[in-house]
Amino acid sequence: MSEIKFYNTFSKQVEAFEPIEPGKVKLYSCGPTVYSHPHIGNFRSFLMADLLKRFLEFKGFAVSHIMNITDVGHLLDDADEGADKLEEAARREKKDPLQIAQTYIDSFMTAGKLLNMKPADSYPRATEHIQEMIDMVQTLIDKGHAYVVGHNVYYDVTTFKGYGKLSGNTLDDLNAGARIEVNSEKRNPQDFALWKHDPKHIQQWDSPWGRGFPGWHIECSAMSTKYLGEQFDFHTGGEDNIFPHHECEIAQSEGASDKKWVKYWMHGRFLMVDGEKMSKSKGNLYTIQELVEKGFKKNAIRYALLSSHYRQNYNFTFDGLKGAEQAIDKIAQCVFTVKEKAKASSDTAVRSEVTAFIDKALAGFEEALCDDLNVSKALAAVFELVKEANKLSEISAGEAGAIIAAIEKIDSVLGVLDLEAGGDEIPAEIMELAEKRKQAKLSKDWAAADAIRDQVTAAGYVIEDMPKHEYRIKKAD
RNA sequence: GGCGGCGUGGCCAAGUGGACUAAGGCACUGGUUUGCAAAACCAUGAUUCGUGGGUUCGAAUCCCACCGCCGCCUCCA
(Lines give C-alpha, C1' and ligand atoms only; values in the text may rest on other atoms or scores of the structure.)
Protein backbone atom coordinates (compact mmCIF):
# COMPACT_ATOMS: atom_id res chain seq x y z
CA MET A 1 0.00 0.00 0.00
CA SER A 2 1.56 3.20 -1.08
CA GLU A 3 1.58 6.17 1.23
CA ILE A 4 -0.48 9.24 0.56
CA LYS A 5 1.47 12.28 -0.57
CA PHE A 6 0.46 15.84 -1.32
CA TYR A 7 2.22 18.91 -2.53
CA ASN A 8 2.21 21.46 0.26
CA THR A 9 2.38 25.06 -0.91
CA PHE A 10 3.86 25.96 2.44
CA SER A 11 6.94 23.74 2.14
CA LYS A 12 6.89 23.78 -1.68
CA GLN A 13 7.42 20.04 -1.56
CA VAL A 14 5.51 16.83 -1.93
CA GLU A 15 5.04 15.54 1.61
CA ALA A 16 3.80 12.29 3.11
CA PHE A 17 0.34 12.78 4.54
CA GLU A 18 -0.12 12.25 8.26
CA PRO A 19 -3.38 13.50 9.76
CA ILE A 20 -3.18 15.50 12.97
CA GLU A 21 -5.64 13.09 14.56
CA PRO A 22 -5.50 9.45 13.35
CA GLY A 23 -8.38 8.53 11.07
CA LYS A 24 -9.75 12.06 10.91
CA VAL A 25 -9.22 14.92 8.52
CA LYS A 26 -10.24 18.51 8.94
CA LEU A 27 -10.54 20.40 5.70
CA TYR A 28 -11.25 24.08 5.13
CA SER A 29 -11.89 25.41 1.65
CA CYS A 30 -12.00 29.01 0.62
CA GLY A 31 -15.45 29.27 -0.86
CA PRO A 32 -17.17 31.73 -3.15
CA THR A 33 -17.49 35.46 -2.79
CA VAL A 34 -21.09 35.86 -3.69
CA TYR A 35 -21.32 39.00 -5.77
CA SER A 36 -21.61 37.24 -9.13
CA HIS A 37 -22.32 33.82 -10.60
CA PRO A 38 -19.42 31.47 -9.96
CA HIS A 39 -17.75 30.31 -13.20
CA ILE A 40 -15.91 27.20 -14.34
CA GLY A 41 -12.64 28.61 -13.02
CA ASN A 42 -14.05 28.89 -9.51
CA PHE A 43 -15.32 25.36 -9.78
CA ARG A 44 -12.01 23.94 -10.88
CA SER A 45 -10.70 25.01 -7.51
CA PHE A 46 -13.78 23.79 -5.62
CA LEU A 47 -13.61 20.47 -7.45
CA MET A 48 -10.00 20.03 -6.40
CA ALA A 49 -11.24 20.18 -2.81
CA ASP A 50 -14.07 17.79 -3.69
CA LEU A 51 -11.65 15.30 -5.20
CA LEU A 52 -9.36 15.58 -2.19
CA LYS A 53 -12.27 15.02 0.16
CA ARG A 54 -13.70 12.08 -1.77
CA PHE A 55 -10.29 10.45 -2.03
CA LEU A 56 -9.61 10.83 1.69
CA GLU A 57 -13.01 9.28 2.37
CA PHE A 58 -12.19 6.51 -0.09
CA LYS A 59 -9.10 5.89 2.01
CA GLY A 60 -11.28 5.60 5.09
CA PHE A 61 -10.78 8.95 6.75
CA ALA A 62 -13.65 10.74 8.44
CA VAL A 63 -13.53 14.15 6.79
CA SER A 64 -14.94 17.32 8.34
CA HIS A 65 -15.27 19.84 5.56
CA ILE A 66 -16.01 23.54 6.01
CA MET A 67 -16.43 25.98 3.14
CA ASN A 68 -16.96 29.64 3.86
CA ILE A 69 -19.27 31.95 2.01
CA THR A 70 -17.97 35.48 1.72
CA ASP A 71 -21.09 37.60 1.81
CA VAL A 72 -19.45 40.78 2.95
CA GLY A 73 -17.58 42.73 0.33
CA HIS A 74 -13.86 43.21 0.25
CA LEU A 75 -12.15 46.48 -0.22
CA LEU A 76 -11.20 47.13 -3.76
CA ASP A 77 -7.63 48.04 -2.96
CA ASP A 78 -5.40 48.35 0.01
CA ALA A 79 -5.49 52.08 0.01
CA ASP A 80 -8.88 51.11 1.37
CA GLU A 81 -10.75 53.13 -1.14
CA GLY A 82 -13.39 52.46 -3.69
CA ALA A 83 -16.59 50.48 -3.57
CA ASP A 84 -16.53 46.86 -2.63
CA LYS A 85 -17.82 44.38 -5.12
CA LEU A 86 -20.77 43.08 -3.21
CA GLU A 87 -21.97 46.59 -2.58
CA GLU A 88 -21.33 47.55 -6.17
CA ALA A 89 -23.54 44.68 -7.25
CA ALA A 90 -26.14 45.74 -4.70
CA ARG A 91 -26.22 49.27 -6.06
CA ARG A 92 -26.22 48.06 -9.66
CA GLU A 93 -29.08 45.67 -9.09
CA LYS A 94 -30.77 48.02 -6.62
CA LYS A 95 -31.01 45.37 -3.97
CA ASP A 96 -29.93 44.80 -0.44
CA PRO A 97 -26.45 43.24 -0.19
CA LEU A 98 -27.87 40.20 1.54
CA GLN A 99 -30.41 39.70 -1.24
CA ILE A 100 -27.56 39.85 -3.72
CA ALA A 101 -25.62 37.38 -1.66
CA GLN A 102 -28.58 34.99 -1.51
CA THR A 103 -29.03 35.08 -5.28
CA TYR A 104 -25.45 34.06 -5.85
CA ILE A 105 -25.36 31.55 -3.01
CA ASP A 106 -28.29 29.83 -4.72
CA SER A 107 -26.40 29.94 -8.00
CA PHE A 108 -23.34 28.43 -6.36
CA MET A 109 -25.32 25.65 -4.69
CA THR A 110 -27.17 24.81 -7.90
CA ALA A 111 -23.94 24.55 -9.84
CA GLY A 112 -22.35 22.49 -7.06
CA LYS A 113 -25.21 20.05 -7.26
CA LEU A 114 -24.95 19.83 -11.03
CA LEU A 115 -21.27 19.02 -10.63
CA ASN A 116 -22.05 16.34 -8.06
CA MET A 117 -19.94 18.02 -5.42
CA LYS A 118 -20.31 16.45 -2.01
CA PRO A 119 -21.76 19.10 0.26
CA ALA A 120 -19.52 20.49 2.97
CA ASP A 121 -20.58 19.89 6.57
CA SER A 122 -21.20 23.58 6.91
CA TYR A 123 -21.08 26.74 4.82
CA PRO A 124 -20.54 29.47 7.41
CA ARG A 125 -21.32 32.97 6.22
CA ALA A 126 -19.10 35.90 7.08
CA THR A 127 -22.00 38.15 8.02
CA GLU A 128 -23.14 35.62 10.63
CA HIS A 129 -19.73 35.52 12.33
CA ILE A 130 -18.97 39.16 12.93
CA GLN A 131 -18.68 38.60 16.69
CA GLU A 132 -16.09 35.84 16.24
CA MET A 133 -14.08 38.16 14.00
CA ILE A 134 -14.28 40.99 16.50
CA ASP A 135 -13.09 38.62 19.24
CA MET A 136 -10.12 37.54 17.17
CA VAL A 137 -9.20 41.10 16.28
CA GLN A 138 -9.33 41.95 19.99
CA THR A 139 -7.02 39.03 20.78
CA LEU A 140 -4.58 40.25 18.13
CA ILE A 141 -4.64 43.74 19.64
CA ASP A 142 -4.10 42.30 23.13
CA LYS A 143 -1.16 40.26 21.91
CA GLY A 144 0.45 43.24 20.27
CA HIS A 145 -0.02 42.06 16.68
CA ALA A 146 -2.58 44.71 15.84
CA TYR A 147 -3.06 48.40 16.53
CA VAL A 148 -5.93 50.83 16.47
CA VAL A 149 -5.86 54.09 14.54
CA GLY A 150 -9.04 56.07 15.01
CA HIS A 151 -11.84 53.65 14.09
CA ASN A 152 -9.59 51.33 12.11
CA VAL A 153 -7.56 48.32 13.18
CA TYR A 154 -4.48 47.12 11.33
CA TYR A 155 -2.24 44.08 11.62
CA ASP A 156 1.41 44.99 12.13
CA VAL A 157 3.14 42.48 9.84
CA THR A 158 6.54 43.09 11.42
CA THR A 159 5.28 41.45 14.64
CA PHE A 160 4.79 38.11 12.91
CA LYS A 161 8.12 36.55 12.02
CA GLY A 162 6.68 34.04 9.54
CA TYR A 163 4.99 36.67 7.38
CA GLY A 164 5.75 35.86 3.75
CA LYS A 165 6.64 32.22 4.26
CA LEU A 166 3.70 30.81 2.35
CA SER A 167 3.95 33.05 -0.70
CA GLY A 168 7.71 33.40 -0.73
CA ASN A 169 7.37 37.14 -0.51
CA THR A 170 9.58 39.01 1.90
CA LEU A 171 8.68 42.35 3.38
CA ASP A 172 11.60 43.83 1.47
CA ASP A 173 10.36 42.40 -1.83
CA LEU A 174 6.92 43.71 -1.14
CA ASN A 175 8.39 47.08 -0.38
CA ALA A 176 10.35 47.02 -3.58
CA GLY A 177 7.28 46.01 -5.56
CA ALA A 178 5.64 49.10 -4.12
CA ARG A 179 2.51 49.10 -6.18
CA ILE A 180 0.95 49.83 -2.88
CA GLU A 181 -0.20 53.32 -2.26
CA VAL A 182 1.07 54.24 1.12
CA ASN A 183 -1.63 54.79 3.62
CA SER A 184 -0.17 57.14 6.17
CA GLU A 185 -2.21 55.63 8.98
CA LYS A 186 -0.26 52.41 8.82
CA ARG A 187 2.99 51.64 10.54
CA ASN A 188 4.18 49.61 7.55
CA PRO A 189 2.93 49.68 3.98
CA GLN A 190 2.27 45.91 4.13
CA ASP A 191 0.03 46.13 7.18
CA PHE A 192 -3.47 45.02 6.37
CA ALA A 193 -6.86 46.01 7.74
CA LEU A 194 -8.63 43.88 10.35
CA TRP A 195 -11.49 46.30 10.90
CA LYS A 196 -12.43 49.31 8.83
CA HIS A 197 -14.55 52.33 9.34
CA ASP A 198 -16.21 53.78 6.25
CA PRO A 199 -19.54 55.59 6.46
CA LYS A 200 -20.21 54.87 2.75
CA HIS A 201 -20.30 51.14 3.33
CA ILE A 202 -23.80 49.65 3.34
CA GLN A 203 -22.98 46.64 5.51
CA GLN A 204 -21.85 47.84 8.94
CA TRP A 205 -21.67 46.45 12.44
CA ASP A 206 -20.92 47.83 15.87
CA SER A 207 -17.53 47.05 17.34
CA PRO A 208 -15.28 48.23 20.18
CA TRP A 209 -13.63 50.49 17.58
CA GLY A 210 -16.83 52.00 16.30
CA ARG A 211 -19.24 51.11 13.52
CA GLY A 212 -17.55 49.45 10.60
CA PHE A 213 -16.88 46.19 8.80
CA PRO A 214 -14.26 43.43 8.97
CA GLY A 215 -11.12 43.30 6.87
CA TRP A 216 -11.26 40.68 4.16
CA HIS A 217 -8.88 38.10 5.59
CA ILE A 218 -10.24 37.80 9.10
CA GLU A 219 -13.37 35.81 8.26
CA CYS A 220 -11.48 32.66 7.25
CA SER A 221 -9.31 32.78 10.36
CA ALA A 222 -12.28 33.31 12.66
CA MET A 223 -14.66 30.82 11.05
CA SER A 224 -12.15 28.03 10.52
CA THR A 225 -11.18 28.26 14.19
CA LYS A 226 -14.80 28.16 15.27
CA TYR A 227 -15.64 25.07 13.21
CA LEU A 228 -12.35 23.18 13.02
CA GLY A 229 -10.34 24.38 15.99
CA GLU A 230 -7.00 26.13 16.25
CA GLN A 231 -5.23 23.49 14.17
CA PHE A 232 -6.43 21.51 11.20
CA ASP A 233 -5.12 19.44 8.30
CA PHE A 234 -5.98 21.08 4.99
CA HIS A 235 -6.69 24.53 3.65
CA THR A 236 -7.52 24.75 -0.05
CA GLY A 237 -8.06 27.56 -2.51
CA GLY A 238 -7.09 28.93 -5.88
CA GLU A 239 -3.49 29.91 -6.52
CA ASP A 240 -4.41 33.57 -6.38
CA ASN A 241 -5.38 33.13 -2.73
CA ILE A 242 -1.80 32.39 -1.72
CA PHE A 243 -0.99 36.05 -1.48
CA PRO A 244 -2.24 38.10 0.20
CA HIS A 245 -5.27 36.19 1.50
CA HIS A 246 -3.72 33.02 2.91
CA GLU A 247 -0.53 34.75 3.96
CA CYS A 248 -2.55 37.15 6.07
CA GLU A 249 -4.73 34.36 7.44
CA ILE A 250 -1.65 32.60 8.77
CA ALA A 251 -0.47 35.80 10.46
CA GLN A 252 -3.90 36.22 12.05
CA SER A 253 -4.56 32.66 13.15
CA GLU A 254 -1.07 31.84 14.36
CA GLY A 255 -0.69 35.29 15.85
CA ALA A 256 -3.85 34.72 17.86
CA SER A 257 -3.26 31.12 18.94
CA ASP A 258 0.55 30.89 18.98
CA LYS A 259 0.14 27.46 17.38
CA LYS A 260 0.98 26.06 13.99
CA TRP A 261 -2.32 26.48 12.21
CA VAL A 262 -2.73 24.57 8.93
CA LYS A 263 -0.70 21.46 8.18
CA TYR A 264 -1.17 21.20 4.40
CA TRP A 265 -1.90 24.04 2.00
CA MET A 266 -3.23 23.04 -1.40
CA HIS A 267 -3.81 25.47 -4.24
CA GLY A 268 -5.29 24.80 -7.65
CA ARG A 269 -3.87 26.46 -10.71
CA PHE A 270 -5.95 28.65 -12.91
CA LEU A 271 -8.03 27.43 -15.74
CA MET A 272 -7.72 28.98 -19.16
CA VAL A 273 -10.24 29.03 -21.96
CA ASP A 274 -9.01 28.34 -25.50
CA GLY A 275 -5.50 29.04 -24.32
CA GLU A 276 -6.36 32.44 -22.93
CA LYS A 277 -6.94 33.75 -19.48
CA MET A 278 -10.58 33.86 -18.60
CA SER A 279 -11.99 37.31 -18.33
CA LYS A 280 -15.26 39.10 -18.66
CA SER A 281 -14.00 41.29 -21.46
CA LYS A 282 -13.08 38.27 -23.60
CA GLY A 283 -16.52 36.82 -23.03
CA ASN A 284 -15.08 33.44 -22.08
CA LEU A 285 -16.32 33.38 -18.50
CA TYR A 286 -18.69 30.44 -18.51
CA THR A 287 -20.89 29.34 -15.67
CA ILE A 288 -21.87 25.73 -15.12
CA GLN A 289 -25.50 26.57 -15.76
CA GLU A 290 -24.62 28.16 -19.11
CA LEU A 291 -22.75 25.08 -20.24
CA VAL A 292 -25.64 22.83 -19.23
CA GLU A 293 -27.99 25.09 -21.18
CA LYS A 294 -25.71 24.76 -24.18
CA GLY A 295 -26.41 21.03 -23.98
CA PHE A 296 -23.22 19.76 -22.38
CA LYS A 297 -23.68 17.00 -19.88
CA LYS A 298 -23.03 18.01 -16.29
CA ASN A 299 -20.93 14.94 -15.63
CA ALA A 300 -18.76 15.78 -18.61
CA ILE A 301 -18.15 19.24 -17.18
CA ARG A 302 -17.12 17.67 -13.89
CA TYR A 303 -14.90 15.17 -15.68
CA ALA A 304 -13.27 17.83 -17.81
CA LEU A 305 -12.53 20.14 -14.90
CA LEU A 306 -11.23 17.23 -12.85
CA SER A 307 -9.31 15.19 -15.36
CA SER A 308 -6.06 17.09 -15.41
CA HIS A 309 -3.78 17.63 -12.48
CA TYR A 310 -4.75 20.43 -10.12
CA ARG A 311 -1.27 21.96 -10.17
CA GLN A 312 -1.36 22.22 -13.95
CA ASN A 313 -3.05 25.01 -15.84
CA TYR A 314 -6.06 23.43 -17.47
CA ASN A 315 -7.10 24.61 -20.89
CA PHE A 316 -10.86 24.49 -21.19
CA THR A 317 -12.32 24.00 -24.68
CA PHE A 318 -15.63 22.80 -26.07
CA ASP A 319 -13.76 20.04 -27.90
CA GLY A 320 -12.36 18.96 -24.59
CA LEU A 321 -15.87 18.83 -23.15
CA LYS A 322 -17.00 16.67 -26.07
CA GLY A 323 -14.08 14.37 -25.44
CA ALA A 324 -15.04 14.17 -21.78
CA GLU A 325 -18.58 13.16 -22.74
CA GLN A 326 -17.19 10.36 -24.90
CA ALA A 327 -14.81 9.20 -22.21
CA ILE A 328 -17.55 8.98 -19.56
CA ASP A 329 -19.83 7.22 -21.99
CA LYS A 330 -17.15 4.63 -22.57
CA ILE A 331 -17.25 3.73 -18.88
CA ALA A 332 -21.04 3.90 -18.67
CA GLN A 333 -21.33 1.73 -21.77
CA CYS A 334 -19.02 -0.82 -20.20
CA VAL A 335 -21.18 -1.04 -17.06
CA PHE A 336 -24.28 -1.49 -19.18
CA THR A 337 -22.71 -4.14 -21.38
CA VAL A 338 -21.34 -6.10 -18.44
CA LYS A 339 -24.79 -6.17 -16.83
CA GLU A 340 -26.38 -7.20 -20.11
CA LYS A 341 -23.93 -10.04 -20.69
CA ALA A 342 -24.37 -11.42 -17.19
CA LYS A 343 -28.16 -11.09 -17.20
CA ALA A 344 -28.94 -14.77 -17.65
CA SER A 345 -26.20 -16.00 -15.34
CA SER A 346 -26.65 -17.16 -11.80
CA ASP A 347 -23.07 -18.33 -11.51
CA THR A 348 -21.28 -16.63 -8.64
CA ALA A 349 -17.82 -17.91 -9.58
CA VAL A 350 -15.20 -15.34 -10.54
CA ARG A 351 -12.29 -16.42 -12.74
CA SER A 352 -8.87 -15.61 -11.38
CA GLU A 353 -7.92 -13.55 -14.44
CA VAL A 354 -10.96 -11.36 -13.84
CA THR A 355 -10.04 -10.87 -10.21
CA ALA A 356 -6.52 -10.08 -11.36
CA PHE A 357 -7.41 -7.24 -13.72
CA ILE A 358 -9.91 -5.78 -11.26
CA ASP A 359 -7.34 -5.76 -8.48
CA LYS A 360 -4.71 -4.32 -10.75
CA ALA A 361 -6.99 -1.48 -11.82
CA LEU A 362 -8.08 -0.65 -8.28
CA ALA A 363 -4.50 -0.70 -7.07
CA GLY A 364 -3.36 1.49 -9.97
CA PHE A 365 -6.20 3.92 -9.38
CA GLU A 366 -5.47 4.23 -5.70
CA GLU A 367 -1.73 4.44 -6.11
CA ALA A 368 -2.04 7.24 -8.66
CA LEU A 369 -4.29 9.31 -6.42
CA CYS A 370 -1.98 8.71 -3.48
CA ASP A 371 0.65 10.48 -5.54
CA ASP A 372 -0.59 14.02 -5.03
CA LEU A 373 -3.95 13.30 -6.70
CA ASN A 374 -2.57 12.21 -10.06
CA VAL A 375 -5.96 11.90 -11.75
CA SER A 376 -4.68 11.42 -15.27
CA LYS A 377 -2.75 8.37 -14.19
CA ALA A 378 -5.70 7.12 -12.14
CA LEU A 379 -7.97 7.42 -15.16
CA ALA A 380 -5.57 5.35 -17.23
CA ALA A 381 -6.05 2.53 -14.71
CA VAL A 382 -9.82 2.90 -15.00
CA PHE A 383 -9.71 2.59 -18.77
CA GLU A 384 -7.53 -0.50 -18.54
CA LEU A 385 -10.28 -2.03 -16.42
CA VAL A 386 -12.92 -1.02 -18.95
CA LYS A 387 -10.95 -2.51 -21.80
CA GLU A 388 -10.43 -5.83 -20.01
CA ALA A 389 -14.09 -6.01 -19.04
CA ASN A 390 -15.20 -5.27 -22.60
CA LYS A 391 -13.03 -8.09 -23.89
CA LEU A 392 -14.89 -10.74 -21.89
CA SER A 393 -17.39 -12.53 -24.08
CA GLU A 394 -19.00 -14.51 -21.28
CA ILE A 395 -19.49 -12.94 -17.86
CA SER A 396 -20.84 -14.71 -14.80
CA ALA A 397 -23.12 -12.94 -12.37
CA GLY A 398 -20.32 -13.02 -9.82
CA GLU A 399 -17.88 -11.43 -12.25
CA ALA A 400 -20.32 -8.74 -13.29
CA GLY A 401 -20.91 -7.96 -9.64
CA ALA A 402 -17.19 -7.69 -8.97
CA ILE A 403 -16.54 -5.47 -11.99
CA ILE A 404 -19.41 -3.16 -11.21
CA ALA A 405 -18.45 -2.97 -7.54
CA ALA A 406 -14.96 -1.89 -8.61
CA ILE A 407 -16.31 0.78 -10.93
CA GLU A 408 -18.68 1.99 -8.22
CA LYS A 409 -15.77 2.24 -5.83
CA ILE A 410 -13.80 4.23 -8.37
CA ASP A 411 -16.76 6.47 -9.04
CA SER A 412 -17.15 7.20 -5.35
CA VAL A 413 -14.07 9.34 -5.96
CA LEU A 414 -14.64 10.49 -9.54
CA GLY A 415 -18.36 11.08 -9.19
CA VAL A 416 -19.10 11.16 -12.91
CA LEU A 417 -21.25 8.13 -13.64
CA ASP A 418 -24.73 8.52 -12.11
CA LEU A 419 -24.73 4.76 -11.57
CA GLU A 420 -27.84 4.72 -9.43
CA ALA A 421 -29.71 6.89 -11.92
CA GLY A 422 -28.91 4.37 -14.65
CA GLY A 423 -28.06 6.82 -17.38
CA ASP A 424 -30.16 9.25 -19.38
CA GLU A 425 -33.86 9.56 -18.86
CA ILE A 426 -35.59 8.31 -21.95
CA PRO A 427 -39.10 9.50 -22.84
CA ALA A 428 -41.78 6.82 -23.14
CA GLU A 429 -42.39 7.47 -26.85
CA ILE A 430 -38.73 6.85 -27.62
CA MET A 431 -38.88 3.62 -25.62
CA GLU A 432 -41.91 2.56 -27.67
CA LEU A 433 -40.15 3.33 -30.95
CA ALA A 434 -37.18 1.26 -29.86
CA GLU A 435 -39.46 -1.62 -29.00
CA LYS A 436 -41.19 -1.36 -32.40
CA ARG A 437 -37.80 -1.39 -34.07
CA LYS A 438 -36.90 -4.56 -32.21
CA GLN A 439 -40.05 -6.23 -33.55
CA ALA A 440 -39.26 -5.00 -37.07
CA LYS A 441 -35.78 -6.44 -36.76
CA LEU A 442 -37.16 -9.76 -35.52
CA SER A 443 -39.31 -9.96 -38.63
CA LYS A 444 -36.31 -8.83 -40.70
CA ASP A 445 -38.11 -5.76 -41.93
CA TRP A 446 -34.89 -3.76 -42.26
CA ALA A 447 -36.48 -0.81 -44.01
CA ALA A 448 -38.95 -0.31 -41.17
CA ALA A 449 -36.25 -0.82 -38.56
CA ASP A 450 -34.01 1.80 -40.19
CA ALA A 451 -36.87 4.24 -40.56
CA ILE A 452 -37.60 3.99 -36.86
CA ARG A 453 -33.96 4.44 -36.05
CA ASP A 454 -33.90 7.61 -38.16
CA GLN A 455 -36.93 8.84 -36.26
CA VAL A 456 -35.21 8.21 -32.94
CA THR A 457 -32.04 9.90 -34.16
CA ALA A 458 -34.04 12.91 -35.28
CA ALA A 459 -35.50 13.13 -31.79
CA GLY A 460 -31.98 13.36 -30.41
CA TYR A 461 -31.45 9.82 -29.18
CA VAL A 462 -29.20 6.98 -30.19
CA ILE A 463 -30.04 3.28 -30.19
CA GLU A 464 -27.14 0.96 -29.63
CA ASP A 465 -27.83 -2.69 -30.35
CA MET A 466 -26.73 -5.36 -27.94
CA PRO A 467 -26.49 -9.11 -28.38
CA LYS A 468 -29.77 -11.09 -28.42
CA HIS A 469 -31.76 -8.16 -29.79
CA GLU A 470 -31.30 -6.13 -26.63
CA TYR A 471 -30.52 -2.46 -27.01
CA ARG A 472 -29.46 0.63 -25.13
CA ILE A 473 -30.91 4.07 -25.72
CA LYS A 474 -29.04 7.20 -24.84
CA LYS A 475 -29.18 10.89 -25.54
CA ALA A 476 -27.23 12.01 -28.56
CA ASP A 477 -24.26 14.28 -27.85
C1' G B 1 11.71 45.06 -11.88
C1' G B 2 11.06 40.61 -8.05
C1' C B 3 9.18 35.49 -7.41
C1' G B 4 7.10 30.95 -9.52
C1' G B 5 5.11 27.48 -13.29
C1' C B 6 4.60 25.35 -18.18
C1' G B 7 6.03 23.78 -23.54
C1' U B 8 5.37 15.50 -24.87
C1' G B 9 1.66 12.43 -31.55
C1' G B 10 -4.08 16.30 -34.89
C1' C B 11 -6.19 17.69 -29.67
C1' C B 12 -6.05 16.67 -24.09
C1' A B 13 -2.48 14.36 -21.08
C1' A B 14 0.96 10.68 -17.82
C1' G B 15 5.96 9.93 -17.38
C1' U B 16 11.10 14.05 -14.15
C1' G B 17 18.28 10.01 -15.21
C1' G B 18 18.38 3.21 -17.34
C1' A B 19 12.92 -2.65 -19.00
C1' C B 20 10.58 4.86 -22.44
C1' U B 21 11.39 0.08 -28.36
C1' A B 22 7.09 7.38 -24.28
C1' A B 23 0.58 5.35 -20.30
C1' G B 24 -4.45 6.70 -20.91
C1' G B 25 -8.57 9.64 -23.25
C1' C B 26 -10.62 12.23 -27.67
C1' A B 27 -10.31 12.42 -33.04
C1' C B 28 -8.55 9.81 -37.62
C1' U B 29 -7.51 5.30 -40.73
C1' G B 30 -7.73 -0.15 -41.76
C1' G B 31 -9.72 -4.89 -40.00
C1' U B 32 -13.19 -8.17 -36.95
C1' U B 33 -18.27 -7.99 -35.56
C1' U B 34 -23.24 -6.19 -37.40
C1' G B 35 -29.00 -7.10 -42.03
C1' C B 36 -26.68 -1.91 -42.42
C1' A B 37 -25.09 1.31 -38.57
C1' A B 38 -23.65 2.50 -33.60
C1' A B 39 -21.01 0.34 -29.57
C1' A B 40 -17.07 -3.19 -28.63
C1' C B 41 -12.45 -5.60 -29.90
C1' C B 42 -7.75 -5.84 -32.85
C1' A B 43 -4.20 -3.01 -35.65
C1' U B 44 -1.84 1.59 -37.22
C1' G B 45 0.31 6.63 -35.69
C1' A B 46 5.87 10.57 -31.51
C1' U B 47 13.03 7.16 -34.33
C1' U B 48 10.96 11.44 -30.52
C1' C B 49 9.53 14.88 -25.89
C1' G B 50 9.69 24.04 -27.73
C1' U B 51 14.96 25.35 -30.07
C1' G B 52 20.34 25.16 -29.65
C1' G B 53 24.34 23.63 -26.78
C1' G B 54 26.40 20.84 -22.48
C1' U B 55 26.92 16.94 -18.35
C1' U B 56 26.58 11.44 -18.38
C1' C B 57 28.14 4.80 -20.29
C1' G B 58 22.91 6.49 -20.70
C1' A B 59 18.34 12.45 -20.75
C1' A B 60 11.62 13.83 -22.27
C1' U B 61 13.83 13.64 -17.37
C1' C B 62 20.03 17.23 -14.89
C1' C B 63 22.78 22.15 -16.39
C1' C B 64 23.18 26.70 -19.60
C1' A B 65 21.22 29.90 -23.36
C1' C B 66 17.28 31.25 -26.44
C1' C B 67 12.03 31.28 -28.09
C1' G B 68 6.81 30.93 -26.76
C1' C B 69 2.85 30.72 -23.07
C1' C B 70 0.75 31.26 -17.99
C1' G B 71 0.42 32.93 -12.82
C1' C B 72 1.53 35.95 -8.28
C1' C B 73 3.77 40.69 -6.36
C1' U B 74 -2.68 43.83 -1.85
C1' C B 75 -10.06 42.76 -6.83
C1' C B 76 -9.75 37.67 -8.68
C1' A B 77 -10.74 30.16 -7.69
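Here the structure is a predicted model, which means the values were calculated and not measured. Residue numbers begin at 1 in each chain, while the letters A, B, ... track the order of the sequences. Computed from heavy atoms alone, side chains included, the values below leave out hydrogens, waters and symmetry copies.
- When the nucleotides B:G71, B:G35, B:A27 are ranked by their closest atom to the side chain of A:Lys277, B:G71 comes out on top.
- For A:Glu464 and A:Ala327, each mapped to the nucleotide of RNA chain B holding its nearest heavy atom, the one lying further toward the 5' end belongs to A:Ala327.
- B:C62 and B:G18: their C1' atoms are spaced 14 Å apart (whole Å).
- The backbone N or O of A:Trp265 sits less than 3.5 Å from a side-chain atom of A:Thr9, completing a donor-acceptor pair.
- Among the heavy atoms of the strands, none lies under 4.0 Å from A:His267.
- For the pairing with A:His245, the ring-ring contact (aromatic ring centres under 6.0 Å, His included) check across A:His267, A:His235, A:His217 returns one residue only, A:His217.
- Shown here, B:C66 forms a base pair with B:G50; the pair counts as Watson-Crick or G-U wobble because both key distances fall under 3.5 Å.
- By the 4.5 Å heavy-atom criterion applied to side chains, A:His309 and A:Val375 are not counted as neighbours.
- Side-chain atoms of A:Lys330 lie closest to B:A40 of the nucleotides B:A40, B:A23, B:G35.
- Checking B:C72 for Watson-Crick or G-U wobble geometry (two distances, each under 3.5 Å) identifies B:G2 as its partner.
- By the 5.5 angstrom centroid cut-off and the 30-degree plane limit, A:Phe383 is classified as not stacked against the base of B:G24.
- In this structure, B:A40 forms a base pair with B:U32, meeting either the Watson-Crick or the G-U wobble geometry with both donor-acceptor distances under 3.5 Å.
- For A:Asp450 against B:G35, a side-chain-to-base donor-acceptor contact under 3.5 Å is present.
- Atom P of B:A37 sits at a distance of 11 Å from the matching atom of B:U32, rounded to the whole Å.
- A cation-pi arrangement is not found for A:Arg44 relative to A:Tyr314, the charged atom failing to lie both closer than 6.0 Å to the ring centre and inside a 45° cone about the ring normal.
- Within 3.5 Å, a donor on the side chain of A:Arg453 pairs with an acceptor on the base of B:A37, or the reverse.
- Nucleic acid contact for A:Met278: base, since at least one base atom lies under 4.0 Å from a heavy atom of the residue.
- Summarising the base pairing, B:C20 is matched to no nucleotide, lacking a Watson-Crick or G-U wobble pair whose two defining distances lie under 3.5 Å.
- A donor N or O paired with an acceptor N or O is found under 3.5 Å between the base of B:A37 and the side-chain atoms of A:Asp465.
- Shown are A:Phe234, A:Phe55, A:Tyr310; of these, the ring-ring contact (aromatic ring centres under 6.0 Å, His included) with A:Phe6 is made only by A:Phe234.
- Across all strands, A:Asp319 comes closer than 4.0 Å to no nucleic acid atom at all (heavy-atom distances).
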